[in-house]
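Here is the structure we will look at.
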Amino acid sequence: MLKGRGRSIFKKIALFLAILGPGIITGSVDNDAGGITTYSVAGALYGYNLIWTLIPSFIVLVVIQEMNARMGIVTGKGLADLIRENAGVKVTFFIFIGLLIADIGNTTTEFAGVAGSMEIFGISKYISVPIVSFLIWLLVVKGTYKMAERIFLIFSVSLLTYVISALMGKPHWSEIGSSIIHPRFKVDSQSIAMVIGLVGTTIAPWMQFYMQSSVIEKGLKMKNFKYTLIDIVVGCIATVVVAFFIMVACASTLGEHGIKIEEAKDAALALKPLAGTLASAVFAFGLFVASIFSATILPLATAFYVCEAFGFEAGIDKKWEEAPEFYVLYTSILVIAAAIILIPNAPLISISLWSQVINGILLPVVLICMILLVNNKRIMGNYTNKPINNMIGWTAVIVLVGLSAMLLLMPLFNS
Amino acid sequence: MTSFKTFYLSRILGRNVYDTNGKFIGVVKDLLIDTGPATANQTPPFGRPVVAGIRLKIRNELKLFSFRYFEITKINRKIDVTGHQLVELPIENIHNGLFLGEVILDKQIVDLNGRKLVRVNDVRLVSLSEGTYAIAVDVGVEGLLRRIGISHPLKTLLSFLKISIPAKFILWDDVEAIDFSNYNIKLSKPYSKLHTLHPSDLADIIEELGKSTSTNVFSALDEEKAADVLEELEKDTQIHIIESLPLEKVADVLEKMPADEVADILDGLEDEKAESLLNEMEAESSQEVREILEYPDRTVGSLMNTEVLAFNENRTVDEVISEFRSLRPEADELYNLFVIDDKEELVATFSLRDLVVSQPNVMLKQIMKTNPIYIYDDQEIDDVAEIISKYNLLALPVVNRNNQLEGMVIIDDVVEDLIDKRRTNR
């Protein structure tokens, strides 16, 4: 006889805990320095007015990540692999060159987050950035990455400190409620750019690749898909809740006093006189953790997908000689990003802005590829999309393309 | 005609085809190569597969024609495809046909020398007077740039700086196509070159493949090889393979594996699935597995190998050796020999060396070593490594609390366990 292994509630909880991860990690990485900056700026500039964008973002995020997880589980192949095999070299090249440039920009933003948050604690960026980037590099090259990921995951709970920051700012809940129920949207190029930025940072293209790979690495199965779904929803809720409180924190303090900010660091500094030193320090600590977490994952993930798409060996379990392209790429992204931050008077804001714009352009392209792949019966068998998934997916594509087009055409009409 | 032209698949695909009068025929969509055994009187040069067919798109319709009447010309780096005659080629006529664009280009293939997966950026072909052949796959950066269309300008640019872009080719003999997920033609002997790979390397490759491909490659292996490969696979992949193959096929493979490995695999499956596999296996094999499954995790019993060779001390050397000849045991068993009494209690050990150097009529009790080192089946696995390293053993007999021989633990299993533990600690 086999050992008695009863199916109890504990068994189910254990199974869920084993499956837990990809969605929640992806959700946490989502609130990176770029995200925090965008939410802070949106809150400071538009008050509670743009909070409603989090609801459609949440729906699209869940739908997209569900597709990624399903594709990963059914095919066992990464998104980069699937795109290369089905869309050909040219499309792949376009996507990945874009992804590479955007991700170098994003990594730079992460280091800006590290530098900014440490400056609030009085540590110069010329000390913090080299040390942090070297530690991150060592972490990955020495192969202790898995352990680090777990530590980061625990640390990412500290993102919930934004809730404290927000509550300390004494927000007006009735106003928040009414702005969500009656969304207001002024059509001008600045607010359109802001909305694209908000959506683009919540649904960053590189995360689709990351999500799919981590599902494969976990060895998940279609049979337990409902647990994976819970994992995804929990991760997305975490993302949106944190985003919500950052926007509230900045809206109820900076927004009401009409203080304009350009960086996440400014938000932390500006919170000090309005919500107290503790709120400011808490905000800075959250920013620091989020920045390091993403600065570790982002260059690694980018190097991995680029290698996957172009057929180079990749993976942190490979030695340097076995996967030279992978390590060179990984190191270069890290070094370039760190170096840009250390240039005195570097145009950080334009870098952050431009990488968001590239993300915004890439997102619909990646989404279109994904929707086509996930509806391909030869690839997905019986697990192709349901009409509702396609509807939401295509709507997101159309809205995003529409907004981007409006942003580009707006100057023509105004003149 | 002494024409000798090499060209790339990517330069041919999508090219317009004209007839001898310069009239437009259609667009090249794919080339079909024949990987089947060459007929006796027509050995292809270098043993490379010949291009047998060309798939054209003519007015929105895909048609396959015999390549024999097509000509590739290359003038000043400009490639032209000319069709002298259009003879339709029924796909059934080619026994082992592969469409290069569909199965090779952009797909992962196995590099048999490097023992790893590589992605194909292009295929290099050569056109001789007797035919056109696929000679190598391009897996380098240059191929990638060529596909994007910036290889030539970039090369010219870099040549001023005296930098060359590395080209990387693998000869056709050293690759095997594996990804047939987009393919609906049944090949008679796919993956045949993979048999030359070591089971461990094969397992590494299978782990990296997509789900459907990994199942296909695995099911093409014969039972012995499949058993060796299954043993080497990571847990996730093992479970995936087992769950996607028919029950009988899996049971046949499991029967070829040591009982402790099977028990390990079954432990990771659902109860019902494990039970139905055990029922499907031959009674003798499944009984051994069931015995091991009864031991709690982390005890010596759950790790041990139950296939052991044990003899009575009154047997002669000659008898034992002739029994080996009829049993044909595995190497692991043969190197670790035991002596038991009538109550199956462990008495002594003896070595293959002692056996071979002794006279045929010598009795085991004259060559055996009494007071053997052993371990109890309910002891912790962690104790094994200590004992094995202390006494410099390759295997350790396992007895139950009545001193009856139950099996042995091999050093391989201990090392594997230690490595697993180090990995999870990380």
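Sequence lines set the chain letters: A, B, ... in the order given, protein chains first and strands last, and positions in each chain run from 1. Remember, predicted model here, so these are calculated numbers, not experimental data.
With a 4.5 angstrom heavy-atom cutoff, A:Glu308 touches chain B only via backbone atoms. Contact annotation for A:Phe94: neither backbone nor side-chain heavy atoms come within less than 4.5 Å of a heavy atom of chain B. Heavy-atom distances place no part of B:Val289 under 4.5 Å from chain A, backbone and side chain included. For B:Glu291, no part lies under 4.5 angstrom from a heavy atom of chain A. For a residue to count as touching a neighbouring chain, one of its non-hydrogen atoms must lie under 4.5 Å from one of that chain's; by this rule B:Lys235 does not touch chain A.
Across B:Lys107 and A:Glu85, no two heavy atoms sit closer than the pair NZ-O, 3.4 Å. The shortest heavy-atom contact between B:Arg147 and A:Lys90 is O-CE, 3.4 Å. Here the shortest heavy-atom pairing between A:Ile73 and B:Lys211 reads O-NZ, 2.6 Å.
In this structure, A:Asp81 CG and B:Gln108 CD are separated by 5.0 Å, a value rounded to the nearest 0.5 Å. For the atom pair CZ of A:Phe310 and CG of B:Leu144, the computed distance is 5.5 Å after rounding to the nearest 0.5 Å. A:Thr92 OG1 to B:Asp106 CG: the interatomic distance, rounded to the nearest 0.5 Å, is 7.0 Å.
Within 6.0 Å of atom NZ in A:Lys386, 12 or fewer heavy atoms from other residues, nucleotides or ligands are found, so the atom counts as exposed in its surroundings. Within a 6.0 Å radius of OH in A:Tyr383, no more than 12 heavy atoms belonging to other residues, nucleotides or ligands are found.
Side chain of A:Lys77 to main chain of B:Leu209: no donor-acceptor pair is present (N/O by atom type, distance under 3.5 Å, no hydrogens or angles).
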